[in-house]
Amino acid sequence: MSIYDSLNQEQREAVFCTDGPLLLLAGAGSGKTRVLVHRIAYLIEEKKVKPWNIMAITFTNKAAKEMRERVDDMIGYGASDCWVSTFHSSCVRILRRDIDKLGYSANFSIYDTDDQKRLIKEVLKSLQYDTKQFSERAMMNAISAAKEQYISPAEYMEDAVGDFRREKIAKVYVNYQKQLETANALDFDDLLYKTVELFEHHPDVLEYWQERFRYIMVDEYQDTNGVQFIFIKQLASKYRNICVVGDDDQSIYKFRGADVRNILEFEDFFPESTVIKLEQNYRSTKNILNVANSVIRNNTARMDKTLYTDNDEGETTTFAQYQDNYKEAEAIADEVSKIVASGANYKDFAVLNRTNAQSRVFEEKFGVYNIPYKIVGGVSFYSRMEIRDIVAYLKLVNNLSDDQAMKRIINVPRRGIGQTTVEKINEFAMEREIAFFDAASMVEEISTISKATAKKIAAFVEMIDDFTEIADKGDIAELYDKVVEETGYLNNLVLEGTEDAKDRINNLEEFKSKIVDYENNEAEPSLQGFLTDVALISEVDNLVSDDAVTVMTIHSAKGLEFPYVFLSGMEEGIFPGYMTINSGNDDDMEEERRLFYVGATRAEKRLYLSASKRRMVNGQQQFNKVSRFVDEIDREYLNFSPTVDSSAFSSDFAADIFTKTKPVAMKPAYTLKSEPKKYKDAVKDDSPFEIDYKVGDRVRHIKFGSGTVKEITPTGSDYEVLVDYDLRGVRRSFASFAKLKKEE
DNA sequence: CTCCTTTGTCTTTTT
DNA sequence: GACAAAGGAG
């Protein structure tokens, strides 16, 4: 009896296949984390591989943390020597050691999206670009896309020749990167990019890490982008013991540069690789998988793989459409309450949305229904203004070249240093290609700045110098105290006395306790280390311990599972999103479909789909048709009569989705390779649906078996029929969906 | 330089 | 409808 006995045939194969490249295609809920953890255990215990020769890379801190814990539990002593971390934090560790070889220094700052945006804005301004034509957002996306492909500013410039717009973007990229260098700062993409660059130009450094990591494992491989793939190739090219785990059907970050081709190209680069498929799902019921499979099979770009399960049939997935999103949220709240009353916990439920904005209604209605809930996403703790302000002080102290940090707080709290002064200092700094802080230290040399203003700036510089001295003592909490005190930041909030100010003070206190926590738990705490954690750790890493319903986007639900899952807003324009429909891009639509697949496969016991006829979007009332993804589900797997709130099942429901879905379904933009069953099959054009049975007749349902018709109610173009099934009891459904056959 | 009003914008987002 | 950014008055 060993720990490997609990694995199935394919899982065991994957665990024992330790040498050489391995491509593991693992469907949703097929136990891939289990395999990875067992594989690490096997390497250490059976193959006697040293723990520090093993590296496991994940995308999220949450995944890393979970794997870390499971490895520690299974292996115990020595396990902590193997690296289990995200791409980004691995890169930071590598860069802190050798980045000086690239002209940066080890105390580099990490710029988050906000810093990035501000810097780009400055660059656009200095280039005098029309921000209508060249939006910050577009520039950020373009630069990010370039870095994800490991395209340098110079290469980008070269490629862009002859293309007016791209030439202009190239200039932004060049300037942006120059500014980052002056600021001794790296953006998120740089963390990967610069590591790859380091490896490329310094073979000795690469070899050091190749020797270090002889066994490499990569989770969620389908979400790797170009530069991440290069990073993996570089590290693994010597020992070639590389195991990647992915599922092409769960690739939902293409918009962020993830490239499914990395799965296909893996075999090109590592031709000797073994491919193992994990197709047995242990998470969901047959019904849930049927729903997920019937939608995902409409995608053309897929690897050959079919998920199956030995689990029970389970309950039929329901679909319901409500008058508006308030009714929808109420119905969901109601259903949650009912199931909780019969013994479930609140934490067994998740409401998954396409967009964060959809969460708001649930916040409101769950409050009314007294249902404990937590909203994941939205404004994270570290992006609150007061936290960002104080972090900027700490970042500046850690890296005096950090221009974004400096510019953020030079006048926070207000100390009479305005925009024009900032611009004057900036100009001075740009001319000399020095950091903003250094320019500010030389303020008396800037002729355009008045004596009075210069005095204020000198005082600020002096204060930062004081902070730097305190920081050198190594006590972060003490530094924090000095900062909030000396700057008057805390005092200002106290004087304000508003509810809002009190909130902010609380947040700052929480932030301080995070500092203390860090100092107590870290082996070698440092300001730099703390700031790295702050930059890389996101709020989603929250504990799931409290008993509450989770409300979040499908994106953030990836890798999670819940007994009961509600996919709300199953509407054209919401899911699939408005942008995707308009772009007419098949690839984008396939990504939305994969997103549905990810959402549906989160459910263990029961899945609910719902839509609203009317909802507020961006301050405007919108009337949406039912999502095409609902169309694509084989009707036998769906129960169209809502168990939630039958009154919301309006009489014109059937007519509504028939007429509204049809024109959409006929547009060629998303014609599907295998024509799925459509509602129009059930109803012949616009003529009313005809039935050949009456009350008292014996009928047969494809799923529920035989029963007796109890009641028939005409609803315009359809009939609502109440049938007492011999095995399933009384159910109400629409004649067109139920497809009842009269028994002779 | 600061404060207040108007205008614009709006997917998803592991780090 | 919510929030940031830009513009104008004090």
Side-chain angles (χ1 to χ4, degrees), chain A residues 57-65 85-92 110-114 116-118 121 125 131-132 135-137 140-141 144 147-148 186-192 219-220 222-225 227-228 250-258 352-358 360-361 376-380 382-383 385 411 413-422 450 452-453 456 532-541 552-560 569 573-583 588 591-592 594-596 598-599 615-622:
Chain A
I57 308 178
T58 62
F59 275 81
T60 61
N61 294 301
K62 194 172 57 193
K65 198 176 148 199
S85 61
T86 63
F87 271 105
H88 292 82
S89 60
S90 303
C91 287
V92 172
I110 299 168
Y111 275 9
D112 63 18
T113 13
D114 195 66
Q116 213 181 340
K117 202 170 143 199
R118 285 163 188 252
K121 202 170 158 189
K125 204 173 173 189
T131 47
K132 289 232 165 54
S135 69
E136 292 141 42
R137 184 175 261 247
M140 268 170 76
N141 288 340
S144 200
K147 287 183 176 179
E148 277 156 2
L186 271 64
D187 63 21
F188 284 134
D189 298 314
D190 276 343
L191 294 177
L192 262 302
D219 195 14
E220 303 282 8
Q222 75 283 350
D223 288 329
T224 49
N225 60 34
V227 69
Q228 285 163 337
Q250 290 188 71
S251 164
I252 54 172
Y253 283 101
K254 206 183 67 154
F255 71 94
R256 273 194 65 100
L352 306 184
N353 297 314
R354 176 67 244 269
T355 66
N356 273 315
Q358 288 166 251
R360 184 165 243 106
V361 212
V376 177
V379 187
S380 95
Y382 290 103
S383 57
M385 181 176 61
N411 198 33
R414 303 260 123 91
R415 45 177 76 90
I417 304 171
Q419 208 187 331
T420 35
T421 314
V422 170
S450 73
T453 316
K456 291 178 198 162
T532 304
D533 279 8
V534 170
L536 298 182
I537 283 173
S538 74
E539 200 55 8
V540 194
D541 312 322
M552 60 182 156
T553 62
I554 303 173
H555 279 93
S556 25
K558 197 167 80 160
L560 304 178
I574 301 288
F575 192 17
Y578 165 78
M579 293 289 218
T580 309
I581 296 174
N582 276 359
S583 81
D588 290 352
E591 176 136 326
E592 294 271 328
R594 289 193 293 270
L595 196 53
F596 177 86
V598 169
R615 76 168 63 231
M616 240 352 179
V617 180
N618 296 338
Q620 280 193 313
Q621 290 289 351
Q622 222 175 61

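Computed from a predicted model, the values in this text were never measured in an experiment. Here is how names work: the chains are called A, B, and so on, in the same order as the sequence lines, proteins then strands, and each is numbered from 1.
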Visitor: Kindly point out which of B/dT14, B/dT15, B/dT11 is positioned nearest to the side chain of A/D223?
Guide: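 So the nucleotide nearest the side chain must be B/dT14.
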
Visitor: Could you check how far CG of A/L595 sits from P of B/dT14, rounded to whole Å?
Guide: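 Going from CG in A/L595 over to P in B/dT14 covers 13 Å.
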
Visitor: Give, for atom CD of A/Q222 and atom CZ of A/R594, the distance between the pair rounded to the nearest 0.5 Å.
Guide: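 Nearest 0.5 Å value for the CD-CZ distance: 9.5 Å.
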
Visitor: Would you check if there is a donor-acceptor pair between the side chains of A/S144 and A/D189 at a distance under 3.5 Å?
Guide: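 There is such a pair (donor and acceptor under 3.5 Å, judged by atom type) between the side chains of A/D189 and A/S144.
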
Visitor: Could you tell me how far apart A/R256 (CZ) and B/dT11 (P) are, to the nearest whole angstrom?
Guide: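 Answer to the nearest Å: 15 Å.
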
Visitor: Heavy atoms, side chains only, cut-off 4.5 Å: are A/I554 and A/I252 in contact?
Guide: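 A/I554 does not reach A/I252 side chain to side chain.
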
Visitor: With a cut-off of less than 4.0 Å, is there a side-chain N or O of A/T553 near OP1 or OP2 of B/dT13?
Guide: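 So the side-chain polar atoms of A/T553 do come within 4.0 Å of the phosphate oxygens OP1 or OP2 of B/dT13, strictly under.
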
Visitor: For a side chain to side chain contact (heavy atoms under 4.5 Å, CB included) check, start with the C-alpha distance between A/K62 and A/L560, then their side-chain angles and the critical distance, and finish with the verdict.
Guide: CA-CA 10 Å; A/K62 194 172 57 193; A/L560 304 178; 3.9 Å; yes

Visitor: Under 3.5 Å, is there any donor-acceptor pair linking the side chain of A/R354 to the base of B/dT11?
Guide: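 No, the side chain and the base share no sub-3.5 Å donor-acceptor pair.
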
Visitor: Reading nucleotides 1-9 of chain B from the 5' end, what letters show protein touch, with B for base, S for backbone sugar-phosphate only, - for no heavy atom under 4.0 Å?
Guide: SSS------

Visitor: Using side-chain heavy atoms (C-beta onward) and a distance below 4.5 Å, is A/D190 in contact with A/Y111?
Guide: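 Heavy-atom side-chain distance check fails, nothing below 4.5 Å.
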
Visitor: Check the distance between B/dT15's C1' and A/F255's CZ and give it to me in whole angstrom.
Guide: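 Those two atoms, CZ and C1', are 12 Å apart.
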
Visitor: Let me have a per-nucleotide readout for nucleotides 1-10 of chain C, 5' to 3', with B, S or -, counting only protein heavy atoms under 4.0 Å.
Guide: BS--SS----

Visitor: Identify whether the glycosidic angle of B/dT9 places it syn (within 90° of 0) or anti.
Guide: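 Here the answer is anti: the torsion falls beyond 90° from 0.
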
Visitor: Just how far, in rounded Å, is P of B/dT13 from CD of A/E592?
Guide: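 Result: 12 Å.
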
Visitor: I need the CG-C1' distance between A/D588 and B/dT12, as an integer number of Å.
Guide: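 Whole-Å distance recorded here is 11 Å.
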
Visitor: Nearest heavy atom decides the nucleotide; on that basis, is A/H88 or A/M579 closer to the 5' end of DNA chain B?
Guide: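 Residue closer to the 5' terminus by nearest nucleotide: A/M579.
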
Visitor: Could you grab the distance from atom OG1 of A/T553 to atom CG of A/L352, nearest 0.5 Å is fine?
Guide: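 Nearest 0.5 Å value for the OG1-CG distance: 8.0 Å.
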
Visitor: For the OG1 atom of A/T421 and the CG atom of A/N411, what is their distance to the nearest 0.5 Å?
Guide: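 With rounding to 0.5 Å, OG1 (A/T421) is 8.5 Å from CG (A/N411).
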
Visitor: Specify the separation, in whole Å, of atom CD of A/Q358 and atom P of B/dT13.
Guide: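 Nearest whole value for this atom pair: 11 Å.
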
Visitor: Under 4.0 Å, heavy atoms only, any strand: does A/N356 hit a base, just the sugar-phosphate, or nothing?
Guide: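 Result for A/N356 = sugar-phosphate.
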
Visitor: Would you find more than 12 non-hydrogen atoms of other residues, nucleotides or ligands less than 6.0 Å from A/Q621 atom CD?
Guide: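 Yes, the 6.0 Å shell around CD holds more than 12 heavy atoms from other groups.
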
Visitor: Could you label the plane-to-plane angle of the A/F188 and A/H88 rings as parallel, tilted or perpendicular, counting under 30° as parallel and over 60° as perpendicular?
Guide: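 Taking A/H88 first and then A/F188, their aromatic rings stand perpendicular (interplane angle over 60°).
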
Visitor: Are B/dT14 and A/Y253 stacked, with the base six-membered ring and the side-chain ring centres under 5.5 Å apart and planes under 30°?
Guide: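 Yes, A/Y253 stacks on the base of B/dT14.
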
Visitor: Rounded to whole Å, please give me the gap between CG in A/L536 and P in B/dT15.
Guide: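 Answer to the nearest Å: 8 Å.
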
Visitor: Nearest-Å distance, CG (A/L192) to C1' (B/dT15)?
Guide: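 Answer to the nearest Å: 9 Å.
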
Visitor: Using purine N1 to pyrimidine N3 plus N6-O4 or O6-N4 for Watson-Crick, or N1-O2 and O6-N3 for G-U wobble, each under 3.5 Å, what pairs with B/dT13?
Guide: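 Looking at the geometry, B/dT13 pairs with no nucleotide.
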
Visitor: Apply ring-ring contact (aromatic ring centres under 6.0 Å, His included) to A/F59 and list each qualifying residue two or more places apart in sequence or on a separate chain.
Guide: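 Per chain and number, A/F59 pairs via ring-ring contact (aromatic ring centres under 6.0 Å, His included) with A/F87.
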
Visitor: Determine which nucleotide pairs with C/dG8, using a 3.5 Å limit on both distances of a Watson-Crick or G-U wobble pair.
Guide: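 Pairing partner, where one exists within any strand: B/dC3.
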
